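Quick note on labels: first sequence line is chain A, next is B, and so on, each numbered from 1. Treat the numbers as computed from the prediction; the structure is a model and nothing was measured.
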Amino acid sequence: MVLKNKPLGFKLSTAWLSLCVLMATLGWMLPLPKWNSSDADALGVTMFSKGHILGTDNWGIDQLSAMIHGTRISLGIAVVSVVLGAFLGAFLGVMAGYTRGWIDAIISMYFNVTLAFPTLVLLLALVAIFASPDPFNPGTTLPRMVVLTFAITFVLIPFLGRLARAATVSWAGRDFVLVAKSLGLKRRTILMQHIVPNVLPSLISLSFLAAGYIIILEGGLSILGAGGEPGSSWGSLLARNRGDIDLTPHTTFIPVVAIALTVMAFNYFGEYLRTSIDNRDSRI
Amino acid sequence: MNVVRKIGQLILVLFFITFGVTLLMRLLPGDAAGTLFPYGTPEELDQVRALLGTDKNVFAYYFDWLWNFLHGDLGYYFAATFGDTVKVTSMLAQTAPRTLLIMVYTMTFSIFVSVPLGVFLGYKSGSRTDKVISNSLFTISSVPNFASGLFLSYFVAMTLNLVNPTGYVPLTENVGEHFKSVVLPVVSLSISLIAGFTRLLRSDVISTLREDFVTMASSKGLSNRWILFRHVLRPSSLTLLTIAAINIGALIGGAVIIETIFGLNGVGMFLVSSIAGRQYLAVQSLVALTAIVFVTANVLVDLLYSVLDPRVRVQHGAKK
């Protein structure tokens, strides 16, 4: 087994994330009520009741089903924006770090301006501006989830790109890059074969941390009323159920625990990768 | 020279942020005045447009706003009926002290807990206690602050009835009640900060303990406590300061959420309602203020470096 000699945290994180991926991909096959349909005979029942393992909220919505549907949306947002953000961030960061000059100045300005502002507030403004319906032209608004994903990607690019830029600057000064240049290799070859493979490991480890951060951001935005459709993701499920915390506390804490566990798992992987990269560096 | 360049960059960044907000809001389709007052009379709407500045082009609007902002006029916050419109400054006078107090309490509390804890763990590194505490701190640092906020509000405030789950009591009104109203928000904001600070301080202390001057101090026969707090903590405080400055952004974002959960009516909630209600001027001014606080904190830390670390000071003076 791959997991045999790994620490306990690694095994737990793998187990939880695998479960999440299973829920997100195959969860719809389970014989459960729909995530947004209510059962009038079971309003606000507690956890482990008959027919509703995680109980229901005050509208009788099955919480297991809602939570499984939420996994798909929350992880979906995280994966799509991390992949987009890492790709674009790496591209911009490597370009800026390798070419320097005015390209670097423009890209760094974008990074600095975006990073000079609290992420959550910036996201809130972006979502409110792009997703708020225009009262005179209803129907012209983009779907909330699309806006949310692109807004998150927009603030993620500088987060990951800054690292890519810094790593590129330091690797581009190494002797083997100078040798490659003096051998007359094409810039494209140097970038793809000498710079990118060295930048990638730390970028991937930061991407894991970023994925956890996105899950938190999605929860925070939902609490502030800028999340997705009510009850569709972990964050919006938490935001909707929060009002009934005194009556059905379990409906608030299920998404909270899911968010916390996922963030822990992502952070663990990020940290694990970072320390293994450090070890590799120190061996060289 | 370095300071001048830093401040130049800072002003450029602030310009891009505020102008970016202007562009974003002006690019929106629809009429802001009409959104704010769907049932306003045409005369009232004209008046609102004049107050908002949307009757002017983007550049005139921006520089008008900037001129007013620099003269302390932060614009208007429009209430549901036109007559109730208030100035942003008077809203801020009510909300800002709450947020600032909460942030000061949070930073103070976090540093008071994490400095002794970090030094202790660094000193005991590798021991069983260190391993257990360090691993739990790593786990705690991943808990989002709204999660700890909701847990605390449910268990401490609602189940045990020790404090009120929502609401804020000003310091001037009743000191005891004031602290009771802020303890949960402060603790929920502090938890992840403490975990982060302690972890950083611990690794810093471990590396400082390997330095020659520590060996020197201990061979002089100085006590462990003296060495730890006089010789080891001072260089480590640089790291702590940097990470505290970096966390101001996260703290502002966290405060927005925690204020909402605990119903504190601070700047965070003010900003959220302004963004949701398309209060152009309020959003513009609040965004500018937040950015100024955030960027200035980072520059101040850079300058404080030279005060705390004599090595930086010498390098500047000697022009190596």
Chain B contact via [X] - side chain, backbone, both or neither, heavy atoms under 4.5 Å:
{"X": "A/Leu126", "value": "side chain"}
{"X": "A/Ile259", "value": "side chain"}
{"X": "A/Leu115", "value": "backbone"}

Can you name the residues that form a salt bridge (Lys or Arg N to Asp or Glu O under 4.0 Å) with B/Arg202, not counting sequence neighbours?
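Result, salt bridge (Lys or Arg N to Asp or Glu O under 4.0 Å) vs B/Arg202: B/Asp130.
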Considering only heavy atoms, which portion of [X] lies under 4.5 Å from any heavy atom of chain A: side chain, backbone, both, or neither?
{"X": "B/Leu251", "answer": "neither"}
{"X": "B/Ile252", "answer": "side chain"}
{"X": "B/Val293", "answer": "neither"}

Verdict with supporting geometry, A/Asn112 and B/Phe16, side-chain contact (heavy atoms from CB on, under 4.5 Å):
CA-CA 10 Å; A/Asn112 287 337; B/Phe16 273 109; over 6 Å; no
Most chain A-contacting option - heavy-atom pairs closer than 4.5 Å, from B/Val287, B/Thr139, B/Thr290:
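Top option by heavy-atom pairs under 4.5 Å: B/Val287.
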Among B/Ile261, B/Val143, B/Asn145, which residue forms the greatest number of heavy-atom pairs with chain A at distances under 4.5 Å?
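That would be B/Ile261.
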If every non-hydrogen atom of [X] is compared with every non-hydrogen atom of [Y], which pair is closest and at what distance?
{"X": "B/Gly253", "Y": "A/Leu120", "value": "O-CD2, 3.3 Å"}
{"X": "B/Ser142", "Y": "A/Val263", "value": "O-CG1, 3.2 Å"}
{"X": "B/Ile257", "Y": "A/Gly220", "value": "CD1-CA, 3.3 Å"}

Measure the spacing between [atom1] of [X] and [atom2] of [Y] and express it to the nearest 0.5 Å.
{"X": "B/Ile17", "Y": "A/Thr114", "atom1": "CD1", "atom2": "OG1", "answer": "8.0 Å"}
{"X": "A/Ile216", "Y": "B/Ser192", "atom1": "CD1", "atom2": "OG", "answer": "8.0 Å"}
{"X": "A/Leu224", "Y": "B/Ser273", "atom1": "CG", "atom2": "OG", "answer": "11.0 Å"}

Assess the residue pair A/Tyr268 and B/Phe138 against the criterion (side-chain contact (heavy atoms from CB on, under 4.5 Å)); give the C-alpha distance rounded to whole Å, side-chain angles, the decisive distance to 0.1 Å, and a yes or no.
CA-CA 9 Å; A/Tyr268 186 86; B/Phe138 176 69; 3.7 Å; yes
Looking only at heavy atoms, which of residues 150-163 of chain B get nearer than 4.5 Å to chain A?
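Result: B/Leu150, B/Phe151, B/Tyr154, B/Phe155, B/Met158.
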What pairs meet the side-chain hydrogen bond (donor to acceptor under 3.5 Å, both in side chains) rule with one or both residues in residues 236-249 of chain A, with sequence neighbours excluded?
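Sorted result for residues 236-249 of chain A: A/Asn58-A/Asp244, A/Gln63-A/Asn241, A/Ser233-A/Ser236, A/Thr248-A/Thr251.
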Would you list the pairs meeting side-chain hydrogen bond (donor to acceptor under 3.5 Å, both in side chains) in which at least one residue belongs to residues 207-216 of chain A, sequence neighbours left out?
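Listed by first then second residue: A/Thr119-A/Tyr213.
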Over 12 foreign heavy atoms within 6.0 Å of OH, A/Tyr272
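It does: A/Tyr272 OH has more than 12 such atoms within range.
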Who wins among A/Pro249, A/Gly219, A/Ala260 for the most heavy-atom pairs under 4.5 Å with chain B?
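Of A/Pro249, A/Gly219, A/Ala260, A/Pro249 has the most heavy-atom pairs under 4.5 Å with chain B.
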